[in-house]
Each structure stands twice: as C-alpha cells, then as structure tokens.
There are 2 protein chains.
Amino acid sequence: MIVAMSRYDPSAFPPFAVTVDLVVLTVRDHALCALLVRRGEPPFQGYWALPGGFVRPDEGLAEAASRELAEETGLRAHSAPGHEAVGPGAAGAHLEQLATYGHPQRDPRMRVVSVAYLVLAPDLPTPRAGGDASSARWAPVGELLGQSPVDGVPLAFDHGLILADGVERARSKIEYSSLATAFCPTEFTVGELRRVYEAVWGVVLDPRNFHRKVTGTPGFLLPSGGTTTRQGGRPAQLFTAGGASALNPPMLRPES
Amino acid sequence: MIVAMSRYDPSAFPPFAVTVDLVVLTVRDHALCALLVRRGEPPFQGYWALPGGFVRPDEGLAEAASRELAEETGLRAHSAPGHEAVGPGAAGAHLEQLATYGHPQRDPRMRVVSVAYLVLAPDLPTPRAGGDASSARWAPVGELLGQSPVDGVPLAFDHGLILADGVERARSKIEYSSLATAFCPTEFTVGELRRVYEAVWGVVLDPRNFHRKVTGTPGFLLPSGGTTTRQGGRPAQLFTAGGASALNPPMLRPES
DNA sequence: ATCATAGTCGTCTCTCTGACGATAAGCACA
DNA sequence: TGTGCTTATCGTCAGAGAGACGACTATGAT
C-alpha cells in the first residue's frame, strides 16, 4: 500500500533525516589536511568524524553547510554554484557540493541521507572545538587515506569514503580550474601557489615551468603590485586570484 | 528546543522526503535528447518533468535511481561509482550521481530533497510511459535549454535547472573520459562516435583528426573485427569500448 | 561507368610542455 | 663586506599533440 501511495503522497513515507557533512581541506606544512572532529556522543563515540549536522527544516542544503562551517571554524564560506565565476581575492572559503551518501545502514540510528560539501580554505589556526565535538584537529589526508587510519581507528560512519571522494575532487578540480587559489590567502606568490599544487597532488613541480604556465594563463593571476620575502630568497611578486575560473589548457598533473 | 536536540536525536526532526530524479540523455538524429514524462498529478499537473520518484525506506540512492530507470524505460543501468572502470561493451546504460537539490520550497507539498542521477544511454525506441506519467518523450535539449521551454512551458519543479546541470556534466565529462561510448551501441564505428561528440557539444569535428585521436588513445577503443556500411560510404571498422575510462590527454572541445 | 558518401592515412605548422641552463635579489652568517 | 644559500624569474631547445587540409579507398546509388 505504501508503494501504491508512494508516488503521490510524500508525507505517507517513513521519514528520512537529512544531514550535511563537510570535507574541509587546507594546506599546512606542505601537506593537504582535512578538518576532523571527535565525536562526543554515540554512535561512534570517541571516533574522529567529518564536521556536519542536521539540515534544519527551513534552510537550504548549501545554507546548512555554510552554517555548520561557521559553527565549527568561524569561516565564512561563499558557495560557488554551477558555472558562476569566483570573485577575485575572495575573503571566505570556497564551498561546493560534493556528493550525497544514503546507504540504508550508514547510520545505525535511522535512515540518514547526508549531502557532503567540499570546502577549500587557506591555512587557518588550529580549529576551535564547537557543538558536539569534544575536540577538533587538522589531519594530513595522507595518513587518513593511506593504510593507517587515524590513531589506528577508521573514521566514523562512511566518512572515510566521503573524505576520499572530497580529496579526489579537489585533486582533479585544480587541474582545470583556478580553484587552487582558494587554498591561498588573498595575496600570494607564484611559489606559494605552486606549493599548494605540490601538497594537493603530492608531487614536485618544476618552478620555472609552473611560473611560465600560471603567469601565461590569462585571467588566472592578477598582479597586486607588491612583493614579499616571506618565503625567503628573492622577493616574489604578489598576486590575487583573477576572474578566470576555467583553465584552458589545464594544468597537467605529472606522471599520471 | 528542537535545535538543542538536533545534533543528537535524528528522529526528533521534522521529516524530509527523499526522491531521485533522472536526467536520461541519449543521442537521436544528431541531437542530444533528454527523457521527459508528463505529470499526471498535481502539483505541476500536465507539465513535463524529469522521471523520478521516492526513495524507499530500505533501498540505497543509486538503487532507487536504477529502479526508477527500469520502471520508466526498461533500461538496465550499471552504475559506475568512483574511479571504477566501466566494463567494455557494457550492455546497460551508464548511471552516475549528479547532484542533490534541496531548496526548502522546491516542492509545494513538503520538504523534499532530491538526489539527481545522470543516465547516458544509446538510442532507444520511443519510451514507454509508466507509473504516474501519462506520457513520455525524448526532447532535444537544445530546445529545453534555449530560450524556448517545451511547449512554451518550463519544466516542473526545478527540473530545468537539474537538466541543465546534467547536460553540462555530460558535455564536460566526455572531454576527459571515454563516457561518450555510453551513447553508442555495443559495437560502433569511429564515425558514429564522432557524431555523438558533435551532438553533445553542438559542434562539427574534423573526421580525420578525430579518427587519429580516438584510435591513437590506448584503451579507448577495441577493434571488434567486423565492419559495417550502415552509415553509407566506405565500410567502417567496428569497435567496442575499451577498458580505459580516463582520456589523457583529453579530447578538446573546439572554440572554448 | 560515374558520382556521392563516408572512412582512413599522411603531412605540415603551430602551440604547449618538460627538461634544464642562467641570472636576479633578498637574507644569514663569518 | 663578502660568501653562500634560498627562492624568483627569464630563456632556450626538443618533442608531443592539435588544427588544417590533401590524398586515397571502398562501398552503394544512378
């Protein structure tokens, strides 16, 4: 009978809970890191998990993701839906929808469908714990996705899978978009941008070819006029993110 | 109070309905077409909409999409999650998750979150109507996404947006993957594959350069041994899809 | 036989990449 | 005040790949 009504009466259906989970990535010390929170409640009490929470009845999905992000990190995200260009020198973090996970048994309590969002942020101070997280930390994704789970324990729920998907999305997306600038502060040097690519891809890039590529791609970088020596060595020109969002031709990941 | 419990007790939450919507694309008569069904019930009664339906309590999201697809078209989809290689000469259609739409007011009846799936299928006979659809048809996406909506009327709900996202996904994905073969029957010629690219991108490609590119990319095409003259002219070699799923370097869309 | 149609192979040029040499301009020390 | 170390930036060269397009091939239609 439920089946018969199912197509016509949504309220006749057993309820689903809808949550958002966040894959928040940043680059710290030459390594791609993800934000994890420790769960203070069952299920998976004491496990590390992705930050996230339930979507409220009157808010949109991206809105919920944005709110959770602010609650956990204080970051103000600006979502970049669809093909819309990301504004240059944007203050907040990049936020985009990643994928949705709805395996019937992914939460032992009830049927929960989780919409995962990917957040790319510049390096931040150690995150503040908030909400139901008794603590929070940046974990290098190399350790998380390699053989050894964090502290010898996998992530809660299916968050290991979600994280892996988020990292893969970030890795492929910086190839053909200017999204790598989302990992940088407003003003950055070519070398700093190169270190972002190196950390995300886990490779070493030739500084000369990289410099030629990014400065030769129209709209990728805008010279801001200043220089800095914060990386040591010869003063480097400072840039802000240009208006271009698509890189054509793409940046090539070496040794596929 | 709801907020206070919200993080810990999922069942304390007002229910969401979860649906799947399908963007089913195929190539017919040199044009990219999407499958639409006419709604027989309110809301949006009489409007064209994407096929879809409610997720059952005990089935996964891809499973629900697959079931709806079979109900509406009789197609057996094989989902290709993650980085998994698509088997050569696959019988069914390609199915992958597209995105999730959850604007609070997207369905006037209640809060509905819809997980959209993208299906790429070879050319099919005119679809059979099924379920709550009083009729079904293939609509060229050019008409749908251009200025003129179908029959002068836009699609139901936010399905116009979902369709646009699906088409964009298909357009960009055939650049760097071998997914265009999902639009072809098991055995196909280089020319037929080229016409797929031309239809999806809405461009004209040079047959000689295209031939060089696809036959020169290892793992893209496997010669099946036979030839055909079904397109007229000189007999063309028949191929099946090779095991490679990623194209490196990618196929370039002309005139970006 | 001739033509129209599509498929397949080659060639040339241009652009972009990868490899790598060379120079520039700061800082840390002796 | 150099000397050395570091990073930034510019140049050069060879090879891969793409776009433009000529030439030839093998069918069916007239």
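Keep in mind it's a predicted model, so treat the numbers as computed, not measured. Here is the naming used below: chain letters follow the sequence lines, and residue numbers restart at 1 for every chain.
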Per nearest nucleotide of DNA chain D, the residue lying toward the 5' end, A:N209 or A:P235, is A:P235
Does a side-chain N or O from B:K213 land closer than 4.0 Å to OP1 or OP2 of D:dG17, or not? no
Under 4.0 Å between a side-chain N or O of A:H211 and OP1 or OP2 of D:dA8?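 False: A:H211 side-chain N/O out of range (4.0 Å or more) of D:dA8 OP1/OP2.
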How long is the line joining [atom1] of [X] and [atom2] of [N], in whole Å?
{"X": "A:L238", "N": "D:dT7", "atom1": "CG", "atom2": "C1'", "answer": "14 Å"}
{"X": "B:D206", "N": "C:dT11", "atom1": "CG", "atom2": "C1'", "answer": "13 Å"}
{"X": "B:E175", "N": "D:dA18", "atom1": "CD", "atom2": "P", "answer": "13 Å"}
{"X": "B:F188", "N": "C:dA6", "atom1": "CZ", "atom2": "C1'", "answer": "17 Å"}
{"X": "A:Y197", "N": "C:dG18", "atom1": "OH", "atom2": "P", "answer": "13 Å"}
{"X": "A:Q237", "N": "D:dT7", "atom1": "CD", "atom2": "P", "answer": "19 Å"}
{"X": "B:R234", "N": "D:dT25", "atom1": "CZ", "atom2": "P", "answer": "9 Å"}
{"X": "B:Q231", "N": "D:dG28", "atom1": "CD", "atom2": "P", "answer": "14 Å"}

Counting only side-chain heavy atoms from C-beta out, which of [options] sits nearest to [X]?
{"X": "A:R208", "options": "C:dG7, C:dG21, C:dT17", "result": "C:dG21"}
{"X": "A:T229", "options": "C:dG26, C:dT8, D:dA8", "result": "C:dG26"}
{"X": "B:A236", "options": "C:dG7, D:dT27, D:dC21", "result": "C:dG7"}
{"X": "B:T189", "options": "D:dA8, C:dT17, C:dG7", "result": "C:dG7"}

Looking across every strand, which nucleic acid part, if any, lies under 4.0 Å from A:R230 by heavy atom: base, sugar-phosphate, or nothing? nothing
Find out whether [X] and [Y] are in side-chain contact, i.e. whether some heavy atom of one side chain is under 4.5 Å from a heavy atom of the other.
{"X": "A:L35", "Y": "A:L22", "value": "no"}
{"X": "B:L144", "Y": "B:V167", "value": "no"}
{"X": "A:Y117", "Y": "A:S66", "value": "no"}
{"X": "B:M251", "Y": "B:I174", "value": "no"}

Determine whether a donor-acceptor pair (one donor, one acceptor, N or O, separation below 3.5 Å) exists between the side chain of A:R212 and the base of C:dG18. yes
Scan side-chain atoms only and decide if A:Y101 and A:D165 contain a donor-acceptor pair under the 3.5 Å cut-off.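 Per modelled atom types, A:Y101 and A:D165 side chains form a pair under 3.5 Å.
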